[in-house]
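Structure record follows, encoded as structure tokens.
Below, chain A is the first sequence line, B the second, and so on; all start at residue 1. Just so you know, these numbers use all the heavy atoms, side chains as well, and skip hydrogens, waters and symmetry mates.
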There are 2 protein chains.
Amino acid sequence: MQTVDKAFKLLSLFSVETPEVGLSELARRAGFDKAATRRFLVALQKHQLIEQNPETRHYRLGPGLLHLAKIRETTFPLESILQTALVRLSGGTGETAHAGLLVHAVLTTLAIVFPPRANRVHLNLGEKLPLHATASGQVLLAFSPPEKLDDLPIQLNTYTTQTITDRQQLVHSLQQIRQQGFARVSNTYEDEVTGIAVPFFDAHALPQGTLAVATPSARMSAKLELQIRQQLLLESQSVTQALGGVLPADFSQHLYQETP
Amino acid sequence: MQTVDKAFKLLSLFSVETPEVGLSELARRAGFDKAATRRFLVALQKHQLIEQNPETRHYRLGPGLLHLAKIRETTFPLESILQTALVRLSGGTGETAHAGLLVHAVLTTLAIVFPPRANRVHLNLGEKLPLHATASGQVLLAFSPPEKLDDLPIQLNTYTTQTITDRQQLVHSLQQIRQQGFARVSNTYEDEVTGIAVPFFDAHALPQGTLAVATPSARMSAKLELQIRQQLLLESQSVTQALGGVLPADFSQHLYQETP
DNA sequence: CTCATCGGTTCATTATTAACACCGATGGTG
DNA sequence: CACCATCGGTGTTAATAATGAACCGATGAG
């Protein structure tokens, strides 16, 4: 079913950063022949998974995706479960809380709740978060089967002076994260931002996404960190359960250690 | 690209009514061989467009759809545009307002706003609306290219004593709807419910979905109907414009006729 | 105990997709 | 203005991928 893989590859080339792309560019990025790319686009367009901007002739994701996502969300409300967890997290910590979803080695921001204060961390819905440079990404990698590390690009992008770009160092860091059950990074993706994240799990005890709290680094203290970690752990358990997921043993142990 | 068509066909077998389906059942409904169906499911599962309930071994739509839909919605906010239009519609009329999306000859409820009163029309998000038996469906058919009528099932389902089940009669009705620019039906899908609907259009001036107001039939009056129609026309224009769509000439004429 | 149906797998047969070369149109550049 | 590159899009044969009947073990109803 490599045909399905290729169709999906085309769909996954669209992002919040590049929502509309032309034919040649798509073929280039996907590594397909232009004629083949066109045939795929026409097929996808037929089902409204893709649509074409008639002015620019560029392609973009289509409304058929909304239709399918609405069915899924109505019968299996992942997004709304995350949203309510984030409201509690943001309310309890007074900081920005966000949830990410891991799809095919890409971590995307699915939901965000901002606290009602002026100085807060900002990020965008749909934003793609680098796996090696954010707390959310690292905690996902840490709880994923080791072979998932192969999906990482050879070159780890640098975002700030603190970004981990050495593979060895990253792997070492992941081991520690797995042991402690959460990830905490400071200024590795955006300067002056500290993030703490935990994963939530699917029915196979594999990480499906993350819950995270992000604070201005200046505001982070040992006390605030502890509070955030405890809340994240509780919400992770709650979300995982609501989804019909299962916590892996080496994660659920933290639930008892952390509670005072 | 028949492979893409088949993959989509499998995805489209899931609905709010039947969100989880087993392998044999899927093969039967799609008309595919069981082995082929399995190969498709495995391929779709790899990209999280489908996921499997490990207990029942049944399949359901996957979280990858949320990911893609979020990207589309962030960069091209159809759903949120509809939502704000519905808030105005429901607020202005005091009745239930809903929006439907047409994907591959299937009309699905994408957004709903209920008025704050006890006696109101109820429907569900993600609900599939029959094209021949609802105001929304009829207005879509009326403004679609005639060949779209071929997608209709041979047998038009009966929902109430008022449901149109005769093809001739339906076609006649559609002509009138196209001329007047809106559809109005009473008790054809649910007893005691009257619906009024207008389409909104894409960049090719093709109907992409509908805006509708539904009232308990007992409450409908000539005055209320006129008010609803005027508001629907205005919101249709506004939504179409916000989407980068184009009104067909025989629709936009009503904008001037209706305004008093 | 039997039979039907479930999810899932195997492998020779067959229909599909790939990609080169080419089209006219568009737009930036010397 | 003429040039060249690139755009979106399109045919046609060679190479590749999907198909489906038969078969598994497991499960559950009569």
Side-chain angles (χ1 to χ4, degrees), chain A residues 1-15 17-62 75-76 104 202-206 244 246, chain B residues 1-15 18-62 75-76 202-206 244 246:
Chain A
M1 254 44 210
Q2 325 176 22
T3 310
V4 173
D5 295 350
K6 290 182 186 172
F8 180 80
K9 173 141 200 178
L10 279 179
L11 289 179
S12 66
L13 290 179
F14 297 91
S15 66
E17 293 79 24
T18 57
E20 287 203 349
V21 188
L23 173 59
S24 299
E25 184 66 22
L26 279 169
R28 225 175 288 121
R29 293 195 192 195
F32 301 165
D33 184 88
K34 206 168 50 159
T37 306
R38 178 105 219 295
R39 272 182 276 118
F40 276 107
L41 289 171
V42 169
L44 290 168
Q45 201 169 12
K46 177 168 156 195
H47 305 294
Q48 297 177 50
L49 301 177
I50 290 277
E51 68 181 3
Q52 190 176 26
N53 182 330
E55 288 167 29
T56 62
R57 298 202 146 189
H58 285 196
Y59 297 88
R60 62 175 171 234
L61 295 175
T75 53
F76 203 81
H104 232 59
D202 68 13
H204 307 283
L206 292 175
V246 174
Chain B
M1 253 45 215
Q2 326 176 26
T3 310
V4 173
D5 295 351
K6 290 183 184 171
F8 180 81
K9 173 143 200 178
L10 280 179
L11 289 178
S12 67
L13 290 179
F14 298 91
S15 65
T18 56
E20 287 202 350
V21 188
L23 173 61
S24 298
E25 184 67 21
L26 278 170
R28 225 176 287 123
R29 295 196 189 193
F32 300 165
D33 184 88
K34 203 168 51 157
T37 306
R38 179 104 221 295
R39 281 193 300 268
F40 276 106
L41 289 172
V42 169
L44 291 168
Q45 200 169 13
K46 176 168 154 194
H47 304 294
Q48 299 177 48
L49 300 177
I50 290 277
E51 67 182 1
Q52 191 176 24
N53 182 330
E55 287 166 30
T56 62
R57 297 202 147 188
H58 285 197
Y59 297 88
R60 61 174 172 234
L61 295 175
T75 54
F76 204 81
D202 67 14
H204 307 282
L206 293 174
V246 174

For the base of dG7(C), is there a side-chain donor-acceptor partner from K34(B) under 3.5 Å away?
yes

Between dA17(D) atom P and F40(B) atom CZ, what is the distance in whole Å?
14 Å

Roughly how many Å is it from CG in N53(B) to P in dG7(C), rounded to a whole number?
12 Å

Does dG8(C) have its OP1 or OP2 closer than 4.0 Å to a side-chain nitrogen or oxygen of R38(B)?
yes

Tell me the closest heavy-atom pair linking H47(B) and A43(B), and the distance in Å.
CD2-O, 3.2 Å

Between Y59(A) and dG9(D), is there a side-chain N or O to OP1/OP2 distance below 4.0 Å?
yes

OP1 or OP2 of dG8(D) less than 4.0 angstrom from a side-chain nitrogen or oxygen of S24(A), does that happen here?
yes

Ignoring hydrogens and angles, tell me if any N or O in the side chain of Q52(B) forms a donor-acceptor pair with the backbone of R57(B) under 3.5 Å.
yes

N/O (side chain, Q52(A)) to phosphate O (OP1/OP2, dG9(D)) under 4.0 Å
yes

Does any donor-acceptor pair link the side chain of R39(A) with the base of dG9(D) at a separation under 3.5 Å?
no

Between P of dA18(C) and CG of L41(A), the distance in whole Å:
12 Å

For the pair made of CE in M1(B) and P in dT17(C), what is the distance, rounded to whole Å?
5 Å

Of F32(B) and G22(A), the one whose closest nucleotide on DNA chain D sits nearer the 5' end is G22(A)

Between P on dG7(C) and CD on Q45(B), what's the gap in Å once rounded to a whole number?
13 Å

In whole angstrom, what separates K9(A)'s NZ from dA18(C)'s P?
13 Å

Could you tell me whether the phosphate oxygens of dC6(C), OP1 or OP2, come under 4.0 Å of any side-chain nitrogen or oxygen in R28(B)?
yes

Side-chain N or O of R57(A) less than 4.0 angstrom from OP1 or OP2 on dC7(D)?
no

Which of parallel (below 30°), tilted (30 to 60°) and perpendicular (above 60°) describes F32(A) and F40(A)?
tilted

Sole residue of R38(B), R39(B), K46(B), K6(B) in side-chain contact (heavy atoms from CB on, under 4.5 Å) with M1(A)
R39(B)

N/O (side chain, Q2(B)) to phosphate O (OP1/OP2, dT16(C)) under 4.0 Å:
yes

Under 4.0 angstrom between K6(B) side-chain N/O and dT19(D) OP1 or OP2:
yes

Within the pair T3(B) and dT17(C), is there a side-chain N or O less than 4.0 Å away from OP1 or OP2?
yes

How long is the gap from NE2 on H58(B) to CG on N53(B), to the nearest 0.5 Å?
8.5 Å

Quick one: L23(B) CG to dT5(C) C1', roughly how many Å, whole number?
12 Å

Of the listed nucleotides dT9(C), dT19(D), dG11(D), the one nearest the side chain of A35(B)
dT9(C)

Does the ring of F14(B) carry R60(B) above it, NZ/CZ under 6.0 angstrom from centre and within 45° of its axis?
no

Once you round it to whole Å, what is the distance between P of dG7(C) and CG of D33(B)?
14 Å

